[in-house]
Amino acid sequence: MDIVTLGDVSGTTISTARQTLEGTFGIVARRRRGPDPDRVCDPEPSPYTDEELFESAPLLDAIADANEADLAIGLTAAGIRHDGQDRLFGLGEVGGTSAVVSTYCFDEAEESFTERIEKQVHKQMGRLLGLDTTHGGCVLERASFLGALDETDSGFCTECRARLTDPETAPAPPLWVVSDSPVLAENFDADVEESNDASAAGSRTDDSGLELSLRTLPLVPIGFVAMALSPFARGVSRFAAWESTLPPETRRVLHGGYRIGRFWTFAALFVALAVLTLYAELSLYARVLGTSPGAAIVWGMIVVAIGLGFYGQLLVRSMVAGAYEGLLRGSQSPETRRR
């Protein structure tokens with residue numbers, strides 16, 4: 001677990017977040033320095049006030065990039081907004097890996113300053129661990145203004161605490177999500193609904209109960225590929241679980257080496273794609289027009305090659321990340337994913 005600071009954050013804020021994580025969850029979090037919010041994205045004026053606030057999505061991405069652990073909570077003094085909601089106290093995706101807490105609306109001179117931070121750290125950590133509920137009598141209760149935040153409970157209710165601590169549902173590596181969270185059930189349930197909605201027209205069911213149609217037949221080769229990769233998928237899952245049990249210092253070394261290797265790999269990919277694109281442009285120009293391009297046209301080709309190289313490596317990165325996530329989740333049994 002890492003605490004990532006975005007910009008100038010007071011020592012009181014950092015120490016309160018650390019003490020909350022250790023006292024409630026038994027987590028000794030390490031601090032990571034992230035970029036200033038204005039280096040991540042430009043603030044946008046609120047349609048309701050003259051304040052300039054930062055969109056939450058780029059900040060969450062910056063927290064994830066600076067994080068070297070499984071989960072991270074970001075701290076910032078900047079104002080944040082999300083989906084038309086301004087001056088948020090915090091934000092975290094249910095079952096995600098990164099959350100952010102903003103002290104923009106908190107006055108450090110007030111006695112309630114540390115209590116507000118504790119509540120937000122509790123709440124956003126609960127979201128990361130898969131708690132999807134929003135109800136009264138619990139720190140997860142919705143609070144849109146300071147008065148409501150001050151009135152919410154400072155800890156988890158009995159039901160949420162049980163979900164976090166019961167051996168049957170408690171978060172476990174590598175996903176760190178309560179096993180009864182709908183986050184784990186979404187994909188499996190969607191697959192069930194899809195198969196149940198298959199049209200009977202133009203389809204047949206073989207002895208195994210597999211429904212085949214013109215819509216599903218093209219997917220058969222993909223199924224064979226997935227079956228061939230299943231041993232590798234199980235290896236990915238075992239590696240993720242094993243890696244999460246290593247000492248923090250060892251994991252930091254592994255994560256650091258991974259980040260360095262990833263950066264230079266995709267930098268080399270970007271250069272290769274840009275060079276190949278430029279070569280293709282020059283060859284096509286010479287073949288079609290039969291002459292060599294002028295300096296202005298060459299510079300234009302270079303700009304296009306750089307752009308395509310950049311977006312090409314982004315596409316490859318997303319495909320690799322998606323393949324890894326698919327192998328990791330696909331290696332779990334349907335019962336595990338549905339719990």
Side-chain angles (χ1 to χ4, degrees), residues 1-10 13-14 16-17 20-21 32 34-67 70-107 113 115-136 138-153 156 160 176-178 181-183 186 318 321 325:
M1 181 82 198
D2 281 349
I3 292 176
V4 179
T5 54
L6 301 179
D8 294 330
V9 178
S10 70
T13 301
I14 298 171
T16 302
T20 303
L21 290 172
R32 305 286 177 191
D36 291 344
D38 56 7
R39 290 183 175 273
V40 177
C41 61
D42 294 326
E44 298 180 0
S46 168
Y48 313 108
T49 66
D50 295 332
E51 299 168 301
E52 291 194 331
L53 306 174
F54 293 88
E55 281 290 342
S56 60
L59 299 186
L60 289 173
D61 288 341
I63 293 168
D65 289 340
N67 175 37
D70 292 330
L71 305 174
I73 286 186
L75 303 175
T76 183
I80 59 176
R81 63 197 307 266
H82 173 74
D83 197 22
Q85 302 178 65
D86 290 354
R87 297 164 58 92
L88 296 179
F89 308 139
L91 184 72
E93 181 182 3
V94 176
T97 59
S98 301
V100 62
V101 173
S102 169
T103 60
Y104 179 75
C105 299
F106 302 165
D107 186 350
F113 180 75
E115 184 179 3
R116 290 168 175 170
I117 295 173
E118 290 174 2
K119 290 180 178 181
Q120 278 303 303
V121 171
H122 276 139
K123 183 173 185 177
Q124 305 314 326
M125 190 63 186
R127 295 302 185 208
L128 295 183
L129 295 177
L131 298 180
D132 56 300
T133 57
T134 300
H135 52 253
C138 182
V139 73
L140 298 179
E141 182 178 3
R142 183 181 299 277
S144 303
F145 53 91
L146 286 176
L149 177 62
D150 292 338
E151 292 175 1
T152 59
D153 281 46
F156 295 103
C160 291
W176 294 113
V177 176
V178 289
S181 174
V183 173
E186 277 178 358
S318 64
E325 186 69 18

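Each residue takes its place number in the sequence, starting with 1. Since the model is a prediction, treat every value here as computed from it, not as a measurement.
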- Check step by step if side chain to side chain contact (heavy atoms under 4.5 Å, CB included) holds for Thr20 and His122. CA-CA 7 Å; Thr20 303; His122 276 139; 3.5 Å; yes

- Note on the structure: For Val9 and Leu75 the tightest heavy-atom approach is CG2-O, 3.4 Å

- Task: Could you please spell out the steps behind the side chain to side chain contact (heavy atoms under 4.5 Å, CB included) verdict for Thr13 and Phe113?
- Result: CA-CA 9 Å; Thr13 301; Phe113 180 75; 3.4 Å; yes

- Residue pair Ile14 / Ile3: nearest heavy atoms and the distance that separates them: O-CD1, 4.4 Å

- All pairs passing side chain to side chain donor-acceptor pair (under 3.5 Å) where residues 87-103 contributes a residue, at least two apart: Glu51-Arg87

- Query: Who are the salt bridge (Lys or Arg N to Asp or Glu O under 4.0 Å) partners of Lys123, not counting sequence neighbours?
  - Reply: none

Would you list the atom pairs, donor with acceptor, under 3.5 Å between side chains in residues 35-44 and any protein atom, with sequence neighbours excluded?
none

- Item | Summary of salt bridge (charged side-chain N to carboxylate O under 4.0 Å, His left out) pairs that have at least one residue in residues 143-153, sequence neighbours excluded | Arg116-Asp150

- Note on the structure: Rounded to the nearest 0.5 Å, the CD atom of Glu141 sits from the CG atom of Leu149 at a distance of 10.0 Å

- Message: So, using side-chain contact (heavy atoms from CB on, under 4.5 Å) as the criterion, who are the partners of His82 when residues are at least two apart?
- Response: Ser56, Leu88, Leu91

- Query: Going from CG on Asp83 to CD on Glu55, what distance comes out if it is rounded to the nearest 0.5 angstrom?
  - Reply: 9.0 Å

- Query: Which pair of heavy atoms, one from Cys105 and one from Leu146, lies closest together, and at what distance?
  - Reply: O-CD1, 3.4 Å

- Gap between atom CG of Leu21 and atom CE of Met1 - 0.5 Å precision: 5.0 Å

- Exercise: identify the closest heavy-atom pair between Gly92 and Gln124: N-OE1, 2.9 Å

- Query: Of all residues at least two apart in sequence or in a different chain, which pass the side-chain contact (heavy atoms from CB on, under 4.5 Å) check with Asp86?
  - Reply: Ser46, Pro47, Tyr48, Leu53, Arg81

- Item | Listed partners of Asp65 passing side-chain contact (heavy atoms from CB on, under 4.5 Å), at least two apart | none

- Query: Closest approach of His135 and Cys160, non-hydrogen atoms and distance?
  - Reply: CE1-SG, 3.7 Å

- State which residues pass side chain to side chain donor-acceptor pair (under 3.5 Å) with Thr16; sequence neighbours excluded, sorted by chain then number. none

- Query: Do Val139 and Glu118 come within less than 4.5 Å of each other through their side chains, counting heavy atoms only?
  - Reply: no

- Item | CZ-CG distance between Phe156 and Leu140, expressed to the nearest 0.5 angstrom | 5.5 Å

- Item | side chain to side chain donor-acceptor pair (under 3.5 Å) against Ser144, all qualifying residues, sequence neighbours excluded | none

- Message: If the test is side chain to side chain contact (heavy atoms under 4.5 Å, CB included), which one of Val4, Ile63, Leu128 qualifies with Ile73?
- Response: Leu128

- Item | Counterpart residues, ring pair (Phe, Tyr, Trp, His ring centres under 6.0 Å), relative to Phe106 (two or more places apart) | Phe89

